[in-house]
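From a predicted model like this one, the values you see are computed outputs, not experimental measurements.
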Protein chains: 2
Amino acid sequence: MPTIKDVARRAGVSLGTASRVLSGGGNTSPKARSQVQAAAAELNYIANGPARSLRSTRTNVLGLLVSDIRNPFFSEIAHAAEREAMRLGYTVLLANANEDETQADEYLRIFASQRIDGLLLAPQGPASPQLESMLKSGLPVVLLNRLVEGLDAPSFATDNSQGVGLVLDWLQTRGHRDVAFVGGPNSISTGAERMAAYRAGRESHGINTDDAFIDAGDFLADGAERAMMRILERGKRPTAVFGANGPTTLGALRALRWVLGASEASRVEVVSFDDLEWFEFVSPAISAVRHDAAAIGTAGVTGLLELIAGQPVASQRISTTFIDRSV
Amino acid sequence: MPTIKDVARRAGVSLGTASRVLSGGGNTSPKARSQVQAAAAELNYIANGPARSLRSTRTNVLGLLVSDIRNPFFSEIAHAAEREAMRLGYTVLLANANEDETQADEYLRIFASQRIDGLLLAPQGPASPQLESMLKSGLPVVLLNRLVEGLDAPSFATDNSQGVGLVLDWLQTRGHRDVAFVGGPNSISTGAERMAAYRAGRESHGINTDDAFIDAGDFLADGAERAMMRILERGKRPTAVFGANGPTTLGALRALRWVLGASEASRVEVVSFDDLEWFEFVSPAISAVRHDAAAIGTAGVTGLLELIAGQPVASQRISTTFIDRSV
DNA sequence: CCGACGACTGGAAACGTTTCCAAATGGGAA
DNA sequence: TTCCCATTTGGAAACGTTTCCAGTCGTCGG
């Protein structure tokens, strides 16, 4: 594999000049530029990233830690973030925490070892010591979608209470009183915020405030299915079900069909925080709060790069829209 | 940030000894080991990856190039691959080609620059010059799910003709004659293979061989929707529709509902190559070929590491199962 | 008791860049 | 012409590791 030395020799310039041309910086004459570029192209030279990173202490790599890439919401974020990063000359190292703190920490160590320039974090639960120490060491970090208590990094997150408000309004106009709410873990800010907003808004929207209609899972389908089962086992028969994220709605739907049977289940209206592409095909169609995952990913990268550049960055709340699929 | 020098000094050994302890190789005394490890822990030392890579010419990073991470099939592959790689001490650099060859090439360059140890490839279409040159330079590569003509790398792929066979059998027992087939691009091996297997099997399974019932999209929902529209515009009224991958089935479903209306559309049975989690909720429920994305991802990583270790690796065809959701 | 061999260690070179510094070159003003 | 300044250049140091090479030390066999 050709090195910059080969390029320099072939271009008839010194190693330093070749470097200045290829890495963009410094003053170079047009003549040197063209010669070096020609030589590089002829040799099919590709700079050695590790060497470059070692010397310059910048890697042009961003770390992205999500809880589960299989959740469409996160894959959308990842996709948008990667695209934006690429556009700005950065690469994204993706890690799946799998809702598991140990694994998240392991990835953080790998990120640290790779000397990433910045970190995009869609964390679960509280800040780990590993994360704390990376923050303290000055690594630029932004939070995506979730907040972390006592971690002062700019965040780019959905406006949960606004979104829940849209659902509450809709429930009211549809005349629902007995509504089941299947939430997420209280340890995750999105879970806590959505739950809190829902509970706070029930009464003013004419919704039964019996807490037996409420249960929480783990934001995954299986856990949500169990949560929905528990509500039904308590003898509650809701006319509407509100799932607090995509996988949760899926799990709730499964439980409904399983316990009540398909025809009975189809008399229950389902509404979801997170809009999935297939909601239109379910009968009755599922209405949903749509939040803009792509916007979160893009804004997160933009913000992180500003942070890296040393500029101050303000947190953003990204507001949602409601997709009403009721007849 | 502490370097290995700091660790060595604190442990009271030479730099060489510290390195031997921390990187596992070489002969070291128990005493040296414990001292160095203690010092490293106290200083919270994390090795500088780029420096390590520069010197050792290994990065412990694998590149994974998929066409679209938002496709659940690929996000499942990515998840499994990442998990397996992590287990074996490797990190995965993920790239989205977006079904766009230019972008794929750009990522390949980035991979080359990062000096990845190996490449997992779920490519679109033919091999690009960039890919060719990387292969020629000796980079270990395995193919996931798709094959590439004239690229002799081991592949780990779904057995498409076996899967299509399952669908054909099912169509026959359900008594369908007028079946619409919505395929994918002919330039992608999966698209071509599924289409070929379907056409070849029609006659023997009592299916109308009129090619007006067949059209192809781009393996994305929008393109498939248009393809299905074209079939319907030709005046064809199938009793069953076969979508050649997940997004394709989604698009076909949209077109059906759009053109025929919901009630009429619900008289058409839909069957899919790729099983999605929501197929059970559609009415009538969608039956599907399920292929094991996780197995592909895991096997791909295992195979790639064998390749890196210089062992011979054999291609695998991974067979599918059929999920029959008809009443 | 001596020699040889093994385990272990310290020191230094090397990996491929970027970046600093000093020197060279050129052009314009006096 | 001479001087000065700005631009460009070559050379060398440095980044943090791994790995090679000699050498030291202790041990064991003869």
Could you tell me the separation between the CG atom of B:N27 and the P atom of C:dC5, rounded to a whole number of Å?
-> 18 Å

Between atom CE in A:M1 and atom C1' in C:dT17, what is the gap in whole Å?
-> 15 Å

Describe the nucleic acid contact of A:N48 in one word from base, sugar-phosphate, nothing, applying a heavy-atom distance below 4.0 Å.
-> sugar-phosphate

Contact list for DNA chain C against residues 2-10 of chain A - heavy-atom distance below 4.0 Å = A:T3, A:I4

Backbone N/O of A:N96 and side chain of B:E82: donor-acceptor pair under 3.5 Å = yes

Is there a residue in residues 28-36 of chain B whose heavy atoms reach under 4.0 Å of DNA chain C, and which residues are they?
-> B:T28, B:S29, B:A32

Rounded distance [0.5 Å steps], CD in B:E76 versus CG in B:N71 | 11.0 Å

side-chain contact (heavy atoms from CB on, under 4.5 Å) between B:T158 and B:N145: does it pass, once the steps are laid out?
-> CA-CA 6 Å; B:T158 297; B:N145 200 48; 3.3 Å; yes

Taking C-beta and beyond as the side chain, do B:M134 and B:V141 meet within less than 4.5 Å on heavy atoms?
-> no

Distance, rounded to the nearest Å, where B:L15 contributes CG and D:dT18 contributes P = 9 Å

Contact nearer the 5' end of DNA chain C, comparing B:G12 with B:S56 = B:G12

Non-hydrogen side-chain atoms of A:Y45 and A:L22 separated by less than 4.5 Å = yes

Spell out, as yes or no, whether a donor-acceptor pair under 3.5 Å connects the side chain of A:N60 to the backbone of A:G89.
-> yes

Can we say A:E106 and A:R109 salt-bridge, meaning some charged N sits less than 4.0 Å from an Asp/Glu carboxylate O?
-> no

May I have all residue pairs that pass ring-ring contact (aromatic ring centres under 6.0 Å, His included) and include part of residues 73-107 of chain B, sequence neighbours excluded?
-> B:F73-B:H291

Pairs under 3.5 angstrom only: tabulate donor-acceptor contacts from the side chains of residues 4-12 of chain A to other protein residues two or more places apart or in another chain.
residue: A:D6; atom: OD2; partner: A:T3; partner atom: N; Å: 2.8
residue: A:R10; atom: NE; partner: A:E42; partner atom: OE1; Å: 2.6
residue: A:R10; atom: NH2; partner: A:E42; partner atom: OE1; Å: 2.6

Rounded to 10°, the helix from C:dC1-D:dG30 to C:dA30-D:dT1 deviates from straight, judged by its five-pair end axes, by 40°

Give the rounded distance in Å between these two atoms: CZ of B:R58 and P of D:dG16.
-> 20 Å

Atom pair distance, as rounded to whole Å: CG in A:L54 and P in D:dA13 = 17 Å

The answer to which of B:S14 and B:T57 contacts DNA chain C further toward the 5' end, by nearest nucleotide, is B:S14

A:R52 CZ to C:dC15 P: how many Å, rounded?
-> 19 Å

4.5 Å side-chain heavy-atom contact, A:L139 and A:I116 = yes

Any side-chain donor near an acceptor of the partner, B:T28 and B:R20, under 3.5 Å = no

Just wondering, are more than 12 heavy atoms of other shown residues or ligands nearer than 6.0 Å to CZ in A:R317?
-> yes

Sidechain-backbone polar pair: A:D117 side chain, A:L62 backbone, donor-acceptor under 3.5 Å | no

Measure the distance from CG on B:L22 to P on D:dT19 and round it to the nearest whole Å.
-> 13 Å

Nearest to the side chain of A:S19 - C:dG16, D:dT17, C:dT19?
-> C:dT19

Any side-chain heavy-atom pair from A:P140 and A:L304 closer than 4.5 angstrom?
-> yes

With the sugar-phosphate defined as primed atoms, P, OP1 and OP2, and the base as all remaining atoms, what B/S/- string results for nucleotides 20-27 of chain D, 5' to 3', for protein heavy atoms under 4.0 Å?
-> B-------

